[in-house]
Enquirer: 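Would you mind keeping the following structure in view while I ask a few things?
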Amino acid sequence: MKELICIVCPRGCHLRVDEEEDYRVTGNSCPRGAEYGKNELLHPVRVLTSTVRLEGSAFRRCPVKTRQPIAKELMLRAAKTLDAVTVTAPVRCGDVVLSDLLGTGVDVVATKDFPKTER
Amino acid sequence: MDYELIVIGGGPAGLAAAYAAWEKGLRRILILERDRELGGILNQCIHNGFGLHRFKEELTGPEYAGRYIEMLKATGVEAKTDTMVLQITQDKCVSFLNPIDGYRTVRAGAVILAMGCRERTRGAISIPGARCSGIFTAGTAQRFLNIEGYLVGKRVVILGSGDIGLIMARRMTLEGAKVLACVELMPYSGGLNRNIVQCLRDYDIPLYLSHTVTDIVGKQRLERVTISAVDADRRPIPGTEQSFDCDTLLLSVGLVPENELSRQMDVEMDRRTNGPVVYENMETGVEGVFACGNVVHVHDLVDFVSEESSRAGEAAARYILEGETAKEPLLTVENGSAVSYTVPQRIRPAGVDRNVKLFFRVNRVFGKAVILVRSGETQIACFKREHMAPGEMESVILPKTMLPQGGVLTVSAEEVEA
Ligand SMILES: Cc1cc2nc3c(=O)[nH]c(=O)nc-3n(C[C@H](O)[C@H](O)[C@H](O)COP(=O)(O)OP(=O)(O)OC[C@H]3O[C@@H](n4cnc5c(N)ncnc54)[C@H](O)[C@@H]3O)c2cc1C
Ligand code: SF4
């Protein structure tokens, strides 16, 4: 039996996951908690958020996120990969700034609009 | 009258309030924002976890703000950025300054205060030690990193376990800094549990509860921070010192509502929240002046800011279109045991639509507990909770039919035996 705090939503339910019984989850207030509890023990994943360099705008950094969660152990390497990425305005929220991050099949997308402007 | 409604501040609170007022029929609405863009503090909160209540989706801060900015674009709400509001008078003349209009005063039918909050600084909590560089509030470091693109240091200690500090522990780690410790004076964290898990534990960053910073060493840049355990009265215990070689200390020691404008116009303030006293519809003690978001009380979730601010926007529209709310009868809401504040502080049953939502915080950690609402000595409602902590804002909903016609309501939290 493992005790976890669900991080899917701010409620932060205290979960108990039973490895002996097919990772049955108790203490969750909704189905997403059950899914999280099982995943967290089998293959934990997280959404990565960061920024990339931005050209052609009054702003210098464009915030980004992975469109889907990626394996937790990839977080540091993934963040480092983004150091080499530059985008140029205009940028629309949802634009892909890097596809197939580290071979995961997951795209990194912009999370904010930037019209083209002078710096 | 130049505008029906002027909203001071273009963060999530101001945006939601202006949008709701437009939806309810106001047509001459102006938002004044001192920053170069709308969105408030959300622009620097690039992490996700916003909007699960409001949009049923997990959004980042900029995405959440972007949704409201898009919604507003489809309306005729006017917004001026780079515009600093300098004064508001009781008869709702708003004076502001910007590079295009210069200094101008405009008159409004109603005003909504949505100026947000700012961070407590080192001065406000008086830490001992050297006055060297390398000491930042967590929000300032967040702005430097996420908006300007500068990492403020490489070896970091964080004082305070508020959400912004926790989020920055992860963010700086991902950018290559080493976060050595997060140090919290209280025996519990000030941030959300989910942030302890995904920002500290995921990266093996130790959290020292019941500890504080007792010395800071550094000639020009910070060189070393010493921390000590504290006793039950929060006094450092000699002999428990440990030191960290570091170049950066981040302070995440709380937020204070930004109320210079409110005070200047003599809005009645609440000493518990450091924000204006508000009625059920977010109206302040000055008729036709409303307040919402972090300027009223510090929220940990932007979803609740939007919800509260929509109510303020709707109420401002009603005030302009239908006139003022009947002042009697009047209920006052007070702290019961283990509750540190309530918002609203006053309720006019005449202003309540179907129900009223009471926000509050408890002053210690609870397991299984009940929230009791009493009118005088009589208990009128009881709500069960599995877990409560000061870091997490609580709320209860009281139906209009349950409200007594005057007197005092108290809200208290009590343990229940397991
Ligand atoms: C540094 C920091 C980080 C935060 N991180 C998180 C987080 O990660 N997750 C979360 O859920 N919540 C976070 N919060 C809480 C967050 O602030 C609220 O959830 C929400 O953003 C509050 O909205 P608001 O509109 O009340 O305030 P704000 O977003 O602060 O907006 C207030 C706006 O008013 C403007 N303003 C103030 N005074 C004037 C004036 N005189 N003239 C013109 N304009 C003025 C300001 O420039 C600002 O844009 C954070 C708060 C801070 C301070
Ligand atoms: S179990 Fe559901 S309600 Fe509880 S924290 Fe997880 S997602 Fe939120």
Side-chain angles (χ1 to χ4, degrees), chain A residues 3-15 27-30 32-33 36 40 44-54 57-69 72-83 86 91-94 109-115 117, chain B residues 36-37 39 42-53 56 58-67 69-70 73 143-150 163 167 170-176 191-199 201-203 300-304 367 386-387 389 391-393:
Chain A
E3 297 199 4
L4 295 177
I5 288 166
C6 179
I7 61 169
V8 177
C9 91
R11 205 157 148 183
C13 293
H14 293 246
L15 309 179
N28 55 316
S29 309
C30 82
R32 284 184 301 184
Y36 169 80
E40 190 62 12
V45 292
R46 299 284 187 267
V47 169
L48 172 69
T49 59
S50 185
T51 64
V52 298
R53 182 193 294 273
L54 175 65
S57 165
F59 294 85
R60 292 165 190 280
R61 305 296 300 181
C62 171
V64 299
K65 70 171 182 186
T66 55
R67 185 129 56 192
Q68 281 89 33
K72 190 173 110 176
E73 72 267 14
L74 286 180
M75 294 287 274
L76 279 164
R77 259 176 69 210
K80 193 124 197 71
T81 308
L82 293 176
D83 288 351
T86 302
V91 175
R92 292 283 295 168
C93 183
V109 296
T111 56
K112 194 174 166 185
D113 288 341
F114 292 96
T117 47
Chain B
R36 58 185 163 171
E37 57 178 343
L42 291 182
N43 285 314
Q44 70 186 60
C45 299
I46 62 159
H47 56 279
N48 63 341
F50 300 84
L52 277 160
H53 292 267
K56 305 281 174 258
E58 185 157 32
L59 302 172
T60 66
E63 287 174 313
Y64 190 98
R67 294 279 171 108
I69 292 169
E70 283 296 313
K73 270 193 193 147
R143 191 179 173 95
F144 270 126
L145 184 54
N146 294 344
I147 309 254
E148 312 296 342
Y150 299 110
D163 286 315
I167 295 282
R170 172 178 64 183
R171 185 78 185 99
M172 292 188 74
T173 303
L174 286 172
E175 289 304 322
L192 297 173
N193 262 332
R194 67 192 305 240
N195 286 336
I196 302 280
V197 174
Q198 61 182 353
C199 299
R201 273 188 222 154
D202 271 9
Y203 301 95
D300 8 82
L301 288 179
V302 71
D303 301 69
F304 296 135
E386 291 298 315
H387 178 84
E392 301 179 12
M393 200 169 75

Enquirer: Establish, for the pair B/Arg36 and A/Phe59, whether the NZ or CZ atom is under 6.0 angstrom from the six-membered ring centre and no further than 45 degrees off its axis.
Expert: yes
Enquirer: Can you tell me how far the CD1 atom of A/Ile7 sits from the CG atom of B/Asn195, to the nearest 0.5 Å?
Expert: 9.0 Å
Enquirer: Among the options A/Lys80, A/Arg53, A/Lys65, pick out the one with the most heavy-atom pairs lying under 4.5 Å from chain B.
Expert: A/Lys65
Enquirer: For A/Leu48, is it the side chain, the backbone, both, or neither that has a heavy atom closer than 4.5 Å to a heavy atom of chain B?
Expert: side chain
Enquirer: Considering only heavy atoms, which portion of A/Arg32 lies under 4.5 Å from any heavy atom of chain B: side chain, backbone, both, or neither?
Expert: side chain
Enquirer: What residue in B/Asn48, B/Asp202, B/Asn193, B/Asn43 has the most heavy-atom pairs under 4.5 Å with chain A?
Expert: B/Asp202
Enquirer: Measuring heavy-atom distances to chain A, does B/Leu174 have an atom under 4.5 Å in its side chain, in its backbone, in both, or in neither?
Expert: both
Enquirer: Is the side chain of B/Arg194 donor-acceptor paired with the backbone N or O of A/Ile5 at a distance under 3.5 Å, no angle test?
Expert: no
Enquirer: Tell me, for B/Glu70 versus chain A, whether the close heavy atoms (under 4.5 Å) come from the side chain, the backbone, both or neither.
Expert: side chain
Enquirer: Quick check on B/Glu386 against chain A: is it the side chain, the backbone, both or neither that has a heavy atom closer than 4.5 Å?
Expert: neither
Enquirer: Which value, rounded to the nearest 0.5 Å, describes the distance between B/His53 atom NE2 and A/Cys9 atom SG?
Expert: 6.0 Å
Enquirer: Name the option with the most non-hydrogen atom pairs under 4.5 Å to chain A; the candidates are B/Ile196, B/Ile69, B/Ile147.
Expert: B/Ile147
Enquirer: In Å and rounded to the nearest 0.5 Å, what is the CZ to CD distance from A/Arg46 to B/Gln198?
Expert: 6.5 Å
Enquirer: Does the side chain of B/Thr173 come within less than 4.5 Å of A/Met75's, by heavy atoms?
Expert: no
Enquirer: Shorter than 4.5 Å, heavy atoms on both sides: which option in B/Thr60, B/Leu59, B/Leu192 has the most such pairs with chain A?
Expert: B/Thr60
Enquirer: Measure across B/Glu63 and A/Cys93 and return the closest heavy-atom pair with its distance rounded to 0.1 Å.
Expert: CG-SG, 3.9 Å
Enquirer: Go through the atoms of B/Leu301 and report whether side chain, backbone, both or neither lie under 4.5 Å from a heavy atom of chain A.
Expert: side chain
Enquirer: Out of curiosity, B/Arg201 CZ to A/Leu4 CG, how far, rounded to the nearest 0.5 Å?
Expert: 9.5 Å
Enquirer: Mind listing the closest non-hydrogen atom pair of B/Leu145 and A/Arg61 along with its distance?
Expert: O-CG, 4.4 Å
Enquirer: Under 6.0 Å from the CZ atom of B/Phe304, do we count more than 12 heavy atoms belonging to anything else shown?
Expert: yes
Enquirer: Side chains of B/Glu175 and A/Asp83: closer than 4.5 Å at any heavy-atom pair?
Expert: yes
Enquirer: Within the 4.5 Å heavy-atom criterion, are A/Ser50 and B/Arg171 side-chain neighbours or not?
Expert: yes
Enquirer: In Å, rounded to the nearest 0.5 Å, how long is the span from CD1 of B/Ile46 to NZ of A/Lys112?
Expert: 11.0 Å
